[in-house]
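Notes follow once the structure below has been shown.
Labels below follow one simple rule: chain letters A, B, ... track the order of the sequence lines, proteins then strands, and each chain is numbered from 1. Every heavy atom of this structure was used, including side-chain atoms; hydrogens, water molecules and symmetry mates were not.
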Amino acid sequence: MTSITENLTNPGQPLQEGDFQRVTRKDAAGKILSVVEDQYHEPPPAPPEEEPEE
Amino acid sequence: MQYIAGITRLPSTTPLLRDPRDLPLSQNNTGSLFFGPTEHDNSAGNAFWATLGKIGSYQTANPNTKRTIVNVASGQGHFRGAIGAVNGNPGDTTTWTITMDGSVYTIVHVQSVAQGRSIIGAITEYGEKFTTAQYSGGFSAHTEVAARADNRQTIYRQGPCQIRDPIHCTPIRFDQSLKVEIQLSNTAGGGNAPTFAGVIWNLTA
């Protein structure tokens, strides 16, 4: 299965917070399984690792 | 079940619900979005909205403008519910337009409280008002539920509101497409900046 993501707000540019995206999923034969459009949100920063207790 | 000329007809080809209007409708207040014990606002990427983004989609909703939160132009899956943006005053409305497999369903939700959010589906958990005795074991009913006249009545529910694991949310099946739009009345956000609205959905194929 392959997944293709397009930037609808700024075509050809990397996605940034708030951009609208289109994600197209295809199976191995190239048949389209789904087409979804929604707003892209950058993942939150990873929480700091806790120091092990002594 | 209907019996016609000796043929047994079932009322539906699937046991799953098909009409999002069959889901419960409720509302809560803006200041009570929780991820675990931490309260969150409408900042993109905070734990509440980032988590919702992993099980669905979210974006800002504006007054007097219909915004599309998610458009599954092609695909099969489940719609499990939605959480609206903050409305301003009692009497303001949240209008949901949910298009599933070509059928359009409209839900107009009138807020009864200031700074309220419209919530479709059993997607949230509210803080229980346990007593010490209730903590000791057994089951407890939400005190807010006791105020309901029936299952479709919308009431204001206080307390922390956190998104449930979607496995516990009643699914509405779509076979080909799903589009969820939201529009608030003209005092959305109580004069504050537009706030997020989200939809919980997933693909199954």
Side-chain angles (χ1 to χ4, degrees), chain A, chain B residues 33 35-38 40-62 65 67-79 82 85 98-101 174-182 193-205:
Chain A
M1 190 176 69
T2 59
S3 180
I4 301 168
T5 302
E6 303 168 74
N7 187 335
L8 302 178
T9 304
N10 295 300
Q13 300 298 312
L15 285 164
Q16 295 183 328
E17 173 62 39
D19 286 348
F20 285 88
Q21 62 180 350
R22 178 188 294 130
V23 180
T24 303
R25 294 164 59 245
K26 298 180 180 180
D27 64 14
K31 179 186 174 186
I32 293 177
L33 298 174
S34 64
V35 179
V36 178
E37 295 176 0
D38 62 1
Q39 195 172 38
Y40 171 78
H41 297 287
E42 293 181 354
E49 292 187 13
E50 293 183 7
E51 294 184 6
E53 294 181 7
E54 294 183 1
Chain B
L33 301 175
F35 181 84
T38 306
H40 289 287
D41 58 13
N42 286 281
S43 303
N46 73 37
F48 181 93
W49 292 105
T51 301
L52 195 142
K54 291 181 178 179
I55 55 176
S57 304
Y58 69 93
Q59 70 149 301
T60 51
N62 284 341
T65 304
R67 303 291 294 267
T68 301
I69 302 174
V70 63
N71 180 17
V72 182
S74 174
Q76 185 182 81
H78 292 145
F79 167 80
I98 303 172
T99 307
M100 299 179 66
D101 298 335
F174 61 91
D175 288 324
Q176 298 174 350
S177 63
L178 167 70
K179 187 176 184 181
V180 181
E181 299 163 286
I182 184 173
T195 58
F196 287 139
V199 176
I200 297 178
W201 63 276
N202 65 283
L203 296 170
T204 55

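Between the CZ atom of A/Arg25 and the OG atom of B/Ser74 there is a distance of 10.0 Å, given to the nearest 0.5 Å. Annotation: the span from A/Gln39 atom CD to B/Ile69 atom CD1 amounts to 10.0 Å, rounded to 0.5 Å. With rounding to the nearest 0.5 angstrom, the OG atom of B/Ser57 is 8.0 Å from the CD atom of A/Gln21.
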- Query: Would A/Val36 and B/Val70 satisfy side-chain contact (heavy atoms from CB on, under 4.5 Å), going step by step from the backbone distance to the final call?
  - Reply: CA-CA 7 Å; A/Val36 178; B/Val70 63; 4.1 Å; yes
- Task: Would you please test A/Phe20 and B/Asn71 for side-chain contact (heavy atoms from CB on, under 4.5 Å) and show each step?
- Result: CA-CA 11 Å; A/Phe20 285 88; B/Asn71 180 17; over 6 Å; no
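Heavy atoms of A/Arg22 lying under 4.5 Å from chain B are absent altogether. Contacts of B/Leu203 with chain A are made by side-chain atoms alone, with heavy-atom separations under 4.5 Å and no backbone atom involved. Only the backbone of B/Ala205 has a heavy atom closer than 4.5 Å to any heavy atom of chain A.
Classification of the A/His41-B/Tyr58 ring pair by plane angle, with boundaries at 30° and 60°, yields parallel.
Annotation for B/Gly75 and A/Ser34: closest pair CA-CB, 4.1 Å, computed over non-hydrogen atoms.
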